[in-house]
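Here's the structure we're looking at; comments come further down.
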Amino acid sequence: MSALLKRATAFRMLQLGATRGSRHGYAGSASRRLKSTTTATSTVPAAAPSSEHKVTPSASSQPTTQVSADGQTHITTLPNGLRIVSERNPGHFTALGVYVDAGSRYEDSTTSGYAHLMDRLAFRSSERFTSAESMAMIEKLGGSIMSSSSRECIMYQAAVFPHDVPTALKLLADTTLRPKILPEEVGELRMAVPWELQEVESKPETFLPEKLHEVAFQKGTLGNPLLCPISQLNTATPDTLSAYHRRWYTPERIVVAAVGLEHDDFVRMCNDNGFADLTPSATATPTFATADQGGDSGAPAKTWFNKILGGGGGERAPQVIFPGEKSVYTGGTWFDPKPDVDFTQVYLGFKSAGINDEHRLYAYATLQMLLGGGGSFSAGGPGKGMYSRLYTRVLNQHAWIESCVAFHHCYTDTGLFGISASCRPRNEHALLDVVASEIEAVALGKPIASSRRHYSSQEGASAVEVRRAKNQLKSNLLMNLESRMVQLEDLGRQVQISGHKIPADTMVERIEAVTMDDITNAAKDLLASPATLLAQGHVDGIKQFHAQVAASHKIKI
């Protein structure tokens with residue numbers, strides 16, 4: 001069953017697909033009758049709306065429908081606030097999805113990890129089907145069906161043949177609206193989740209991005225653990241998980257999306273499966289959560305994993321928060337000595353722009369392409385980004401560097417931009433210097449006085465580099481949209497965030513509008529925020545000299 005329910009996190013739509021744009025391009029139409037898913041990559045999980053973006057239930061007793069100017073996108077808002085969106089876009093497969101505005105950033109000390117558990121409980125027992133019946137239906141579909149939880153969304157998606165759409169929608173509706181959480185299924189999670197946590201901790205490419213968020217956002221929200229802590233797992237019960245479901249799976253937080261269906265037919269099927277029968281929730285009340293108190297390089301090396309396993313990690317003082325409140329970036333340092341590993345891993349991150357800051361978001365997306373990077377060996381040519389700055393100026397110049405790649409984790413109200421790299425032992429302090437130099441070079445737009453820069457006469461981004469980065473960004477965007485599942489997630493998340501969809505040609509225009517000055521200013525803004533620095537492996541050198549290296553590049557540590 002794990003193969004069928006695998007998490008849809010391996011390949012995501014370019015983050016610009018979830019950006020917030022202008023609200024033009026839609027015309028209201030007549031009311032219609034109805035009743036009722038972590039790493040250093042060039043893409044990041046889509047973000048979710050903050051509290052000020054929540055759609056309030058309509059005062060009308062009738063649903064309202066908007067149609068995009070090109071007639072391709074239809075959005076129906078039910079009286080209870082739930083939104084149904086579709087694009088006809090015929091093809092061999094139909095894609096369906098339910099997107100819930102929930103996730104780890106909204107959790108508090110009593111519900112930490114519950115989004116992860118709800119993901120793992122997907123497509124099991126419900127009011128209409130037993131777990132075995134759900135499994136049998138999935139096996140007969142002939143497509144794929146999956147669930148995924150992230151910091152700002154829990155999503156359930158399916159890709160099936162058109163004649164299997166009613167069955168797939170039944171499964172999606174039951175697992176999201178009417179789950180029956182049984183004690184034996186929670187017991188299965190208590191046995192399975194610890195193995196998942198251990199697997200994550202054993203792989204730097206999955207563990208360090210999670211640790212990066214904890215260090216960067218030490219007051220909760222985006223710094224909350226994405227996976228369920230063992231201590232929380234041991235106290236979770238069917239009753240507490242059902243209460244979590246009632247709290248967050250409310251109509252105003254849900255978007256149901258489809259690609260490859262007639263809208264009227266889709267609305268009717270949603271009506272038949274009870275989406276309009278949901279009752280809007282009352283206004284959310286503040287809850288108590290816990291928050292780390294400041295970053296400290298002297299803290300225990302395994303703070304994050306100890307916290308997940310229910311161990312120590314320092315005192316955590318309670319504070320009052322509102323679920324979904326704006327995140328607070330803090331920055332900080334964390335060093336994990338592991339002398340037995342082959343490579344030292346280094347992450348250098350900074351606060352960037354969120355989806356709400358649209359202009360800067362496109363600049364950061366272009367900057368990420370311009371820096372690019374990858375592994376020390378990569379088959380392919382220019383299409384793999386081998387003319388990017390981190391390839392030409394880092395990987396092609398330093399044989400001791402194993403990998404170097406730019407990343408951007410983007411959320412509604414903020415983002416994390418930086419470079420992750422790995423190197424042979426005993427070079428970690430030099431690696432930090434090289435990585436910091438690349439960001440500083442783009443920010444300054446001029447050569448840096450350094451003997452290490454003999455191989456390049458220009459430091460700032462050139463017009464050719466900016467043009468190449470924008471072309472590659474547009475190419476990635478359009479190629480990703482050829483995937484029906486990417487189209488689906490892009491459609492559902494955009495509507496969940498902003499209430500409408502930004503067409504691909506509009507995004508291309510906004511990418512094209514990015515200038516060299518935008519790139520330079522984006523890099524300067526990174527250096528204005530405190531840095532988040534992580535190192536795992538042979539860390540003695542970077543631990544001893546990181547303050548001096550940071551000061552030489554005017555980086556705040």
Side-chain angles (χ1 to χ4, degrees), residues 1-10 37-39 100 102-104 107-127 129-139 144-151 154-157 171-172 174-176 178-211 214 224-249 290 302-313:
M1 185 171 181
S2 59
L4 293 170
L5 304 184
K6 62 182 180 180
R7 303 177 68 188
T9 57
T37 132
T38 55
T39 60
V100 184
S104 62
E107 294 170 351
D108 56 32
S109 59
T110 64
T111 61
S112 178
Y114 275 29
H116 176 214
L117 298 183
M118 294 303 297
D119 170 25
R120 291 298 177 262
L121 289 168
F123 307 110
R124 297 190 181 224
S125 300
S126 67
E127 291 182 7
F129 308 113
T130 65
S131 182
E133 290 171 338
S134 296
M135 183 62 185
M137 293 169 66
I138 290 172
E139 291 176 343
S144 65
I145 188 164
M146 62 197 71
S147 65
S148 176
S149 63
S150 66
R151 285 183 164 79
I154 305 175
M155 61 188 74
Y156 306 82
Q157 301 176 118
L171 282 167
L172 292 172
D174 267 44
T175 200
T176 54
R178 297 174 288 274
K180 184 182 291 184
I181 302 174
L182 303 177
E184 55 268 28
E185 293 176 347
V186 176
E188 291 176 6
L189 293 182
R190 293 197 180 104
M191 292 186 290
V193 168
W195 292 99
E196 183 180 359
L197 300 180
Q198 291 177 12
E199 182 182 10
V200 168
E201 196 245 358
S202 67
K203 298 177 180 179
E205 66 272 16
T206 55
F207 168 72
L208 292 177
E210 290 307 304
K211 183 63 186 179
E214 182 201 341
N224 292 338
L226 188 59
L227 304 182
C228 183
I230 291 295
S231 58
Q232 190 76 344
L233 180 65
N234 291 333
T235 60
T237 67
D239 288 341
T240 58
L241 289 168
S242 296
Y244 176 87
H245 178 270
R246 290 191 298 271
R247 168 64 181 87
W248 295 103
Y249 286 62
T290 56
K302 290 182 179 289
T303 304
W304 180 85
F305 197 60
N306 283 347
K307 180 166 64 178
I308 280 189
L309 291 179

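Start at 1 with the first residue, then count along the sequence. Bear in mind that the values here come from a model prediction, so they are computed numbers and not experimental data.
- Looking at residues two or more places apart in sequence or on another chain, you find no ring-ring contact (aromatic ring centres under 6.0 Å, His included) involving F129.
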Kindly determine whether F123 and M137 satisfy side chain to side chain contact (heavy atoms under 4.5 Å, CB included), including the steps that lead there.
CA-CA 10 Å; F123 307 110; M137 293 169 66; over 6 Å; no

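- Considering every non-hydrogen atom in both T175 and L121, the closest pair reads OG1-O, 4.5 Å.
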Evaluate the side chain to side chain contact (heavy atoms under 4.5 Å, CB included) criterion for residues M118 and W248: first the C-alpha distance (whole Å), next the side-chain angles of each, then the deciding distance (0.1 Å), finally the verdict.
CA-CA 11 Å; M118 294 303 297; W248 295 103; over 6 Å; no

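- Here the CG atom belonging to L233 is positioned 10.5 Å from the CE atom belonging to M191, to the nearest 0.5 angstrom.
- By the salt bridge (charged side-chain N to carboxylate O under 4.0 Å, His left out) test, E133 is found to be paired with no residue, residues two or more places apart in sequence or in another chain being considered.
- Atom NZ of K203 sits about 13.5 Å away from atom CG of L208, to the nearest 0.5 Å.
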Could you go through the side chain to side chain contact (heavy atoms under 4.5 Å, CB included) check for Q232 and Y114 one step at a time?
CA-CA 9 Å; Q232 190 76 344; Y114 275 29; 3.6 Å; yes

Please set out all donor-acceptor pairs under 3.5 angstrom arising from side-chain atoms of residues 182-189, sequence neighbours excluded.
unit_1: E185; atom_1: OE2; unit_2: S125; atom_2: N; d: 3.4
unit_1: E185; atom_1: OE2; unit_2: S125; atom_2: OG; d: 2.7
unit_1: E188; atom_1: OE1; unit_2: R124; atom_2: NH1; d: 2.6

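- Considering only residues two or more places apart in sequence or on other chains, Y156 meets the ring-ring contact (aromatic ring centres under 6.0 Å, His included) condition with none of them.
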When you look at L171 and I138, which way does the side chain to side chain contact (heavy atoms under 4.5 Å, CB included) test go after all the steps?
CA-CA 8 Å; L171 282 167; I138 290 172; 3.9 Å; yes

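- By the 4.0 Å N-to-carboxylate-O rule, E201 lies too far from K211 to be salt-bridged with it.
- At distances below 3.5 Å, at least one donor-acceptor pair connects side-chain atoms of S147 with backbone N or O atoms of D119.
- Atoms CG and OG, from L227 and S149 in turn, are 7.5 Å apart once rounded to the nearest 0.5 Å.
- Here the SG-CG distance, from C228 to L197, works out to 7.5 Å after rounding to the nearest 0.5 Å.
- In this structure, L226 and H116 have side chains that are not in contact, with every pair of non-hydrogen atoms separated by 4.5 Å or more.
- For the atom pair K180 NZ and S242 OG, the distance stands at 11.0 Å (nearest 0.5 Å).
- Summarising the geometry, atom OG1 belonging to T176 is positioned 13.5 Å from atom CE belonging to M155; distances are rounded to the nearest 0.5 Å.
- Residues satisfying the side-chain hydrogen bond (donor to acceptor under 3.5 Å, both in side chains) criterion with T111, sequence neighbours excluded, are D108.
- The two residues S104 and P225 have their closest heavy-atom pair at CB-O, 3.6 Å.
- A search for side-chain contact (heavy atoms from CB on, under 4.5 Å) contacts involving D239 returns T237, not counting sequence neighbours.
- Every residue two or more places apart in sequence or in another chain that forms a salt bridge (charged side-chain N to carboxylate O under 4.0 Å, His left out) with R178 is listed here: D174.
- A pairwise comparison of heavy atoms in S202 and E199 identifies OG-O, 2.7 Å as the closest pair.
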